[in-house]
Amino acid sequence: MASLPTMIGELRSQFMRELNEALTSKDLEALKVKYLGKKGPVQSLMHELRHATSEERPQLGKLINDLKEELLSHCDHSLHRVKLQEQNARLATEWVDVTLPGRKHNLGRAHPIQQMLQRILDILIGMGFSVRYGPDVDTDYYNFGGLNFPEDHPARDMQDTFYLENGLLLRTHTSNVQVHAMEQFEPPLRIVAPGRAFRNEDISARSHIFFHQVEGFYIDKGVTFADLMAVMEEFLSKILGEKVETLFRPSYFPFVEPGMEVDVRCTACKGKGCKLCKHTGWLEILGTGMIHPNVLRNGGIDPEIYSGFAWGMGIERLTILHYDIPDIRYFTENDQRFLEQFP
Ligand code: PHE
């Protein structure tokens with residue numbers, strides 16, 4: 001085996017050759033690790049010291065340490081120099097135009113549907129209702145059967161309802177929360193339930209396959225039609241303003257008796273007739289009525305003791321009326337130019 005001083009000499013010249021070939025800071029970092037790392041040759045030399053006699057050892061140890069210092073300082077000097085070169089090269093290609101104007105930051109804001117929902121809930125919570133949520137995916141029973149829909153009712157038709165697997169469906173209205181809530185709570189019940197509803201319809205200026213509704217219902221001893229009218233009129237004047245003209249007309253829903261629909265003067269055409277109101281001058285915004293005794297019974301509530309009213313309304317319709325929006329499709333297109341108009 002060669003003597004330690006010879007090995008040190010060879011290692012030094014080998015290192016110097018490689019140092020000359022290391023042109024980038026990356027090469028130099030690698031070189032440093034290669035020679036001076038824990039598994040590198042300098043460390044191996046340290047191990048060789050074991051074979052030296054105790055008289056030789058201090059002198060040889062110093063030789064190895066000197067080599068180590070020397071290689072380290074070569075590496076660090078070269079690294080410093082090369083890094084500066086690299087930085088200068090990068091700066092020569094990069095530049096900043098300090099005269100450019102700053103970037104505009106767009107602040108996020110609530111979607112107009114959410115803004116309207118918040119207004120609706122503020123009013124109804126102020127009138128003593130509390131908020132509950134029902135499932136978007138539900139069974140035929142809660143969406144139809146429990147709500148007194150006859151087996152062959154056209155609303156169950158594949159045309160209107162999105163059926164899923166295992167007897168499930170996408171709720172076609174938020175009325176599905178009615179029987180759920182009656183099963184969960186004892187009357188008196190004063191509940192509002194906002195959420196999505198889904199219908200397999202043609203998409204047009206006035207209807208979409210998915211939209212938002214708020215369901216409301218009030219069940220207690222001695223609730224009458226007069227209570228229904230009082231709550232509807234109070235709510236509608238608060239949400240639409242006193243000036244908006246409303247029309248209450250009899251209508252049919254299997255889960256209420258009697259049932260009504262509420263129309264509002266079309267704001268797009270001021271009642272003259274347009275695409276939005278199908279040339280009737282009126283827009284339907286709400287269905288309501290006294291809860292059918294069968295529905296109360298299905299919810300485990302005795303219709304001989306309790307009565308109640310319910311209503312359901314489309315949030316898109318209310319938002320369209322409030323802001324004079326000509327087309328319901330704007331709500332789902334996420335066009336910034338539309339959304340920016342609702343600060
Ligand atoms: N669920 C009905 C609809 O979607 C609205 C409604 C709710 C009507 C409650 C009466 C009572 O059109």
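In each ligand, atom 1 is the first atom listed, and ligand 1 is the first ligand listed. Just so it is clear, the values below take in all heavy atoms, side chains as well, and ignore hydrogens, waters and symmetry mates.
- Under the 4.0 angstrom criterion for non-hydrogen atoms, M260 is not in contact with ligand 1.
- Pairs of residues two or more places apart, or lying in two chains, that qualify as side-chain hydrogen bond (donor to acceptor under 3.5 Å, both in side chains) and include a residue from residues 34-45 are Q14-Y35, E18-K34, E18-Y35.
- The aromatic ring centroids of F217 and F129 lie 6.0 Å or more from each other.
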With a 3.5 Å cut-off and sequence neighbours excluded, list the donor-acceptor pairs that the side chains of residues 303-313 form with protein atoms.
| residue | atom | partner | partner atom | Å |
| --- | --- | --- | --- | --- |
| S307 | OG | V223 | N | 3.1 |
| S307 | OG | V223 | O | 2.7 |

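- When hydrogens are left out, the protein atom nearest atom 12 (O) of ligand 1 is F253 CE2, 3.7 Å; that is the closest non-hydrogen contact.
- Contacts between Q213 and ligand 1, counted as non-hydrogen atom pairs separated by less than 4.0 Å, involve the side chain only.
- Geometrically, ligand 1 and T288 share no nitrogen or oxygen pair separated by less than 3.5 Å.
- With respect to atom 6 (C) of ligand 1, the closest heavy atom belonging to the protein is G287 O, 3.6 Å.
- Between S175 and ligand 1, at least one N/O pair is under 3.5 Å apart.
- Heavy-atom distances between A310 and ligand 1 reach below 4.0 Å in at least one pair.
- Protein heavy atom closest to atom 7 (C) of ligand 1, with residue, atom name and distance, is G312 N, 3.2 Å.
- The existence of a salt bridge linking K238 and E234 is confirmed by a sub-4.0 Å separation between a basic side-chain nitrogen and an acidic carboxylate oxygen.
- Taking each of F217, F255, F211 in turn, the one with a heavy atom nearest to atom 2 (C) of ligand 1 proves to be F255.
- Ring pair F338/Y330: centre-to-centre distance below 6.0 Å.
- Using a cut-off of 4.0 Å between Lys/Arg side-chain N and Asp/Glu carboxylate O, R90 and E94 are scored as salt-bridged.
- Proximity of L286 to ligand 1, defined as any heavy-atom pair under 4.0 Å, is not found for any part of the residue.
- Contact between T174 and Q213 at its shortest, heavy atoms only, is N-OE1, 2.8 Å.
- Between R171 and D138, none of the side-chain N atoms (NZ, or NE/NH1/NH2) sits under 4.0 Å from a carboxylate O, so this pair counts as no salt bridge.
- Scanning the protein heavy atoms around atom 3 (C) of ligand 1, the nearest turns out to be R199 NH2, 3.7 Å.
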